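Reviewing the structure listed below.
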Amino acid sequence: MNPETKEIPNRFDFASAAPEIYQQWLDKGCFNADVDPSKKPFTIVIPPPNVTGALHLGHALNNTLQDIQIRMHRMQGFSALWMPGTDHAGIATQAIVEKRLKETENKTRHDLGREKLVERIWQWKEQYEKRILGQLQQVGCSCDWRRTRFTLDPMCARAVRSTFFDLFSKGLIYRGKRLVNWDTFLQTAVSDDEVNPETVKGHFWHLRYPIVDAKPGEPTYVTIATTRPETMLGDTAVAVHPDPEEALNKYEATLKEKLEGANAKDQPGIQAQLDDLSVRRQELLPQLILLANMARDGRKLRLPLVEREIPLVVDAWAKPELGSGCVKITPAHDPNDYEVALRCSLPMLNIMNPDGTVNENGGPYAGLTMPKARNKVVAAMDYLGFLEKTEDREIELKHSDRSKTPIEPYLADQWFVRMEQLAQSAMDAVSNGDVKIYPARYANGYMDWLGEKRDWPVGRQLWWGHQIPIWSKSFENVSDAQSLKFKIDAMPERASGLLSVSLEEPTTLHVCIRDEDPGLEAKLQSLGLERQADVLDTWFSSALWPHSTLGWPDQTADLEYFYPTSTLITSRDIITLWVARMVLMGLNNVGKVPFQEVFIHPKILDGYGETMSKSKGNGVDPLDVINKFGPDALRFGLVWLCTETQDVRMPVQFECPHCEALVNQTKENRAQPTVVCDKCGKTFSTQWAEAESDKAHPKAPVVSERFEVARNFVNKLWNASRFVMMNLEGFQPQAVDFEKLPLEDQWILSRLATVTKATQTELKRYHYAEAARVVYDFAWDHFCSLYVEMAKPRLQDPAARPLVQQILAHCLDSMLRLLHPITPFVTEAIWQELARFAPSRDLQSTAPPSKWIIQASWPTVNEAHIRPSVEKQFAHFVDLVGAIREIRSRQNLGPKDQVPFCVRCEPEMEQLLAPMSSFLSSMAGAHATQWSQNPTLPSINAHVAIDQMDVFVDLTQFIDVAAEISRNEKLLSNLMKQIQGKEGRLSNESFVSKAPADIIAKERQALEELIAQRSVAEQAIEKLRQL
RNA sequence: GGGCGAAUAGCUCAGUUGGUUAGAGCGCCACUCUUACAAAGUGGAUGUCGGGGGUUCGAGUCCCUUUUCGCCCA
């Protein structure tokens, strides 16, 4: 043994090695990517993590996948830029800081004021950005850290201003009244994408509104039904269908059509609806027709409680087939009612304050929260006799994703981006292939969402974000507005394109400024214009990420060289919110798509198929995994599970801090503050521990045993390398003539070339798990279990030794390169060691490889080495070893017992395998006595039939008769089953007449072989029984 | 209600255009501390491919239907 190698420990000490290696990469500037005309660019922009908190396992997966592409392309000679950064995440971040403020200081944001709050959030950002970037570094991410950006930094801010100004000038940004989802807790509008419907228990209240001056024969009241009775305070009409009879006819027709097409199970339900319809026709229709006529006459209702007169109107929104056929209209608090109000020119009455209490329009109910107002309204209506009945009902209630509180629909001023053209451009980019989405099925959702072309509400009533760069003023009359507009149009900044102005009908003026310009802002303020308080939706700045980070709006060299980026790797839940918007903004701003490919990776779920989250207690912190298994195991483990079709399901365990046992996490124990270890019986605490008594127990990290496979693999790689290095003493690089190599060398080189090719192909098409599997099998099964085992005796032979050393060194070298993108630390550590023993080891070139594997070149595929015939021949050897090993095991032979065997085979096989006899001795503990077409069989033997060979192991010394009989019987029954199947198939006339000839021939041949094997087995049993 | 996806060994997952006896890792059983690795080695056991129909000489794979689960949208 080489004395030097004694120093190599038999475990990779990742805890001390990884940070050191990472620091060296940093110091050497290995991650830096610059414009280099001699290279092709390869660019990825990171999906910027939110600065709301620490990274979770999903981030670890996302970033590992990116790092693999970056490292591979860097090795392939690209100028590989990975652009890092974080996202300010408007609502989420502000919500967290506000929550903190409330908990620790019992203050609201209004106590602090805008400036102070924003200052606090910056502090939070600094803290978490540092933590997030640190985590990425521990995972091994090779980002160009010099370029780290933040969506709220000056560079991004400039891009946001330019974009906003451009869209505003093109008339693609406008302000309108829209019904928004109002979060009364955060006091901001949230987008449709940020609300979740939840089914809750509620009621359906039937209320009566009296008709003013009902004439004889007319009803004295109308009945309406609602799930939100408090909104009656804001009612401005009641609607009835203009032609109830026609509407019912239409409804009946659709029901009948549906009935015909329905299956037996659904039919009764539809029939019941039809029955209900005919009752309606008789009992309700005459009155609805009457009410429609009264509405046309301009008749009024008296709205109880607030005692307002409101009109009865006709509108098709009132469905005669539902409820009473009449519907209350609350334009300011319901999207459908809002549409009705527009059609019928009804007033819109807002009854809610931003904090979720009833405002002065609610009369006596002003100041109450909406739920309290509901109780009072219902009680009062009941008291007055206007409550007809109350039904229990399950209702879908929208909840804010951020605050988890119920949403109040609410009419407010909102800024919108007009999506018609922008959305179309992003759709075209995918349909014409400029942007390719993998896996392709995700293009559907992208297309459907963009296809709706819904205008994008971009304003948020927050303080944390890019403030909308618009100054506005409303006037009493049109002429005042016009005259100011004239004045502003005449300003020099207007002519130089720094300012744009638009008039919102009828009398509001909006001015947008392109750049941060305090002088100009002051000028506008002196004209009485005031800046909009709202900030932009977070996704507005994220949408610019691929070009804003490269310096746009300046035409920088970076932008020219690195844009469009090569690929975007992200998770499926933001395909619409983020990916689609990046495409349309890139096209609008730069005129080119932001990336050529998009890869959507799986989500990580826990063992129950639920998404991991801190609030459930099933989240796994990547750092816990790194501490236990190492960064390479974390990465390899994630990649190993990252398959095409399925989400990653990962059962989660607590690691007992007392005994290190893994305790399965259940839905019960993951919610407890303390858990008792089922191995050592001691108690440990979880993330929920708050009481001092609970906190006294040590906290258990949450990990997953899924990473054990990867940890073991890293260890295998480490030790295989250790073996190679231990045996490189006296190594001299030598030229190798492939054609003259022994079979085993040709074989491993053929495997290596094939695996190199496959790894590269699979990684390029984002089949990560497949790539990992290919290298894993090569390293473990082909290299370690076979080639290294065969190398052991050869290394003892002075004649063979130099060649074996050369092949070992070369294979290890290539394997390290192939694995480097997935497991960067351990490969770099081994690479450094290997250079001490074999500074130059390439088969083709004598030039020493790069000092750092991160900068080494990607292995090239040597097509000439790919030999299917060699691999087939070698398979015979592997079969033979397996056959003998099986007999040995069945006979319970000790490892030192050498058994003789003979083989019946053709001369070609003998030629092939006889030279490999020595390997059979070392690997199977067996020596061949004969290779022949007609060997003399040992008197007591165990027979195994393998492809083109009959192997007879001489058991004269060892036989365990019972074991051998039972082995043969089992074999026999297996053979019988197969023979039966084949005979059945071959006697089936239609198979013989219809199946292709080659398939039939194959079946026939297989049958013959099986029959031959059957008779051998039968004879063997017979013979054994006689002993 | 609409769309997408999944269901294969005890667990987590592969399975390319339909074609011998459906694979891997973990776990399990047995035997080995054999001088790279016990986080290892060798061998072994384990499946009505969710259910039901259909197409085909032949279906885990294609078609229809159904159940369950997950995600997205309304």
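For clarity, every value in this text was computed on a predicted model and none was experimentally measured. Each chain gets a letter, A, B and so on, in the order its sequence line appears, and its residues count up from 1.
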(message) Suppose you measure atom C1' in B:G2 against the same atom in B:C62; what distance do you get, rounded to whole Å?
(response) 25 Å
(request) Hey, could you give me the CG/CZ distance between A:L662 and A:F654, rounded to the nearest 0.5 Å? (result) 11.5 Å
(request) Whole angstrom is fine here: how far is it from OH in A:Y446 over to P in B:C4? (result) 19 Å
(message) Need one value for A:D647: base, sugar-phosphate or nothing, where a base atom within 4.0 Å counts as base even if backbone is also close, heavy atoms only.
(response) sugar-phosphate
(request) Return the nearest nucleotide to the side chain of A:E886; candidates are B:G43, B:U12, B:A36. (result) B:G43
(message) At 4.0 Å (heavy atoms only), tell me whether A:R711 reaches a base, stays on the sugar-phosphate, or touches nothing.
(response) base
(message) Please check: side-chain N/O of A:S431 versus main-chain N/O of A:M427, any donor-acceptor pairing under 3.5 Å?
(response) yes
(request) Determine the Euclidean distance between corresponding P atoms of B:G5 and B:A45; express it in Å to zero decimal places. (result) 38 Å
(message) Tell me whether A:D777 is salt-bridged to A:R751, with the criterion being a basic N under 4.0 Å from an acidic carboxylate O.
(response) no
(message) Let's test this: given Watson-Crick or G-U wobble pairing with both distances under 3.5 Å, identify the partner of B:G60.
(response) none
(message) Whole angstroms only, please: what is the CG-C1' distance between A:L717 and B:A40?
(response) 15 Å
(message) Pairing check on B:A45: which nucleotide meets the Watson-Crick or G-U wobble criteria with it, both distances under 3.5 Å?
(response) none
(message) Taking the minimum atom-to-atom distance to the side chain of A:L641, which one of B:C73, B:G25, B:U12 wins?
(response) B:U12
(message) Is there a side-chain contact between A:R649 and the phosphate of B:U12, meaning an N or O under 4.0 Å from OP1 or OP2?
(response) yes
(request) Hey, could you give me the NZ/SG distance between A:K716 and A:C784, rounded to the nearest 0.5 Å? (result) 5.0 Å
(request) Starting from C1' on B:A6, measure out to CD1 on A:I600 and report it in whole angstrom. (result) 18 Å
(request) For A:R572 and B:G3, give me the distance from atom CZ to atom C1', rounded to whole Å. (result) 14 Å
(message) At less than 4.0 Å, is any side-chain N or O atom of A:K716 found next to OP1 or OP2 of B:G41? Yes or no.
(response) yes
(message) Between B:G50 and B:U61, how many Å separate the two C1' atoms, rounded to a whole number?
(response) 16 Å
(request) Write down the partner of B:U20 under the Watson-Crick or G-U wobble criteria, each distance required to be under 3.5 Å. (result) none
(request) Using the P atom as the reference point in each nucleotide, state the distance between B:C63 and B:A9 in Å, no decimals. (result) 22 Å
(request) Specify whether A:F877 and A:F919 have parallel, tilted or perpendicular ring planes, treating 30° as the upper limit for parallel and 60° as the lower limit for perpendicular. (result) perpendicular
(message) On RNA chain B, compare the nucleotides closest to A:V881 and A:D573; which residue's is nearer the 5' end?
(response) A:V881
(message) Nearest to the side chain of A:N715, heavy atoms from C-beta on, is which of B:A38, B:G25, B:A39?
(response) B:A39
(message) Using only atom types and a distance under 3.5 Å, with no angle test, would you say the side chain of A:D624 pairs donor to acceptor with the backbone of A:V703?
(response) no
(message) I'd like the P distance from B:G47 over to B:A6, given in whole Å.
(response) 26 Å
(request) Determine the Euclidean distance between corresponding C1' atoms of B:G15 and B:G1; express it in Å to zero decimal places. (result) 35 Å
(message) Between P on B:C11 and CZ on A:F707, what's the gap in Å once rounded to a whole number?
(response) 21 Å
(request) Classify the side chain of A:R11 and the base of B:A39 as holding, or not holding, a donor-acceptor pair under 3.5 Å. (result) yes
(message) Please determine whether a side-chain nitrogen or oxygen atom of A:S889 lies at a distance below 4.0 Å from atom OP1 or OP2 of B:C31.
(response) no
(request) Could you give the distance separating B:A7 and B:G52 at their C1' atoms, to the nearest angstrom? (result) 16 Å
(request) Could you check A:R794 against A:E744 for salt bridge (charged side-chain N to carboxylate O under 4.0 Å, His left out), going step by step and ending with a plain yes or no? (result) CA-CA 11 Å; A:R794 296 173 77 199; A:E744 57 274 21; 3.6 Å; yes
(message) When you measure from the side-chain N and O atoms of A:R722 to the phosphate of B:U35, is any distance below 4.0 Å, counting only OP1 and OP2?
(response) no
(request) Classify the side-chain pair A:H601/A:N62 by whether it contains a donor and acceptor separated by less than 3.5 Å. (result) yes
(request) Please give the nucleotide sitting opposite B:C26 as a Watson-Crick or G-U wobble pair, both distances under 3.5 Å, or none. (result) B:G10
(request) Tell me which nucleotide among B:A14, B:G25, B:U42 gets nearest to the side chain of A:R885. (result) B:U42
(message) Under 3.5 Å for both donor-acceptor distances, Watson-Crick or wobble: does B:C33 have a partner, and if so which one?
(response) none
(request) Would you indicate, yes or no, if B:A40 has its OP1 or OP2 atom less than 4.0 angstrom from a side-chain nitrogen or oxygen of A:N712? (result) yes
(request) Output the single nucleotide from B:A74, B:G25, B:C37 whose closest atom is nearest the side chain of A:N719. (result) B:C37
(message) In whole Å, measure the gap between the P atoms of B:A30 and B:A36 for me.
(response) 28 Å
(message) Would you say A:W780 places a side-chain N or O within less than 4.0 Å of OP1 or OP2 belonging to B:A36?
(response) no
(message) Rounding to an integer number of Å, can you tell me how far A:F12 CZ sits from B:C37 C1'?
(response) 15 Å
(request) Once you apply the 3.5 Å cut-off to both distances, tell me the Watson-Crick or G-U wobble partner of B:C4, or none. (result) B:G70
(message) Need the pair for B:U55. Rule: Watson-Crick or G-U wobble, both distances under 3.5 Å, any strand; none if unpaired.
(response) none
(request) Find the distance A:K603:NZ to B:G70:P and express it as a whole number of Å. (result) 14 Å
(request) Identify whether any heavy atom of A:K792 sits under 4.0 Å from a base atom; if not, whether one sits that close to sugar-phosphate; answer base, sugar-phosphate or nothing. (result) base
(message) If you assign A:E452 and A:N444 each to the RNA chain B nucleotide with the nearest heavy atom, which residue ends up on the more 5' nucleotide?
(response) A:N444
(request) In sequence, state the C-alpha distance, the side-chain angles, and the governing distance for A:F636 and A:Y768, and then conclude on ring pair (Phe, Tyr, Trp, His ring centres under 6.0 Å). (result) CA-CA 10 Å; A:F636 192 90; A:Y768 288 96; over 10 Å; no
(request) Report which part of the nucleic acid A:E789 touches: base, sugar-phosphate, or nothing (heavy-atom distance under 4.0 Å, all strands). (result) base
(request) Mind calculating the distance between CD (A:E708) and P (B:C37) to the nearest angstrom? (result) 21 Å
(request) Can you figure out which of B:G5, B:A36, B:C13 approaches the side chain of A:R441 most closely? (result) B:G5
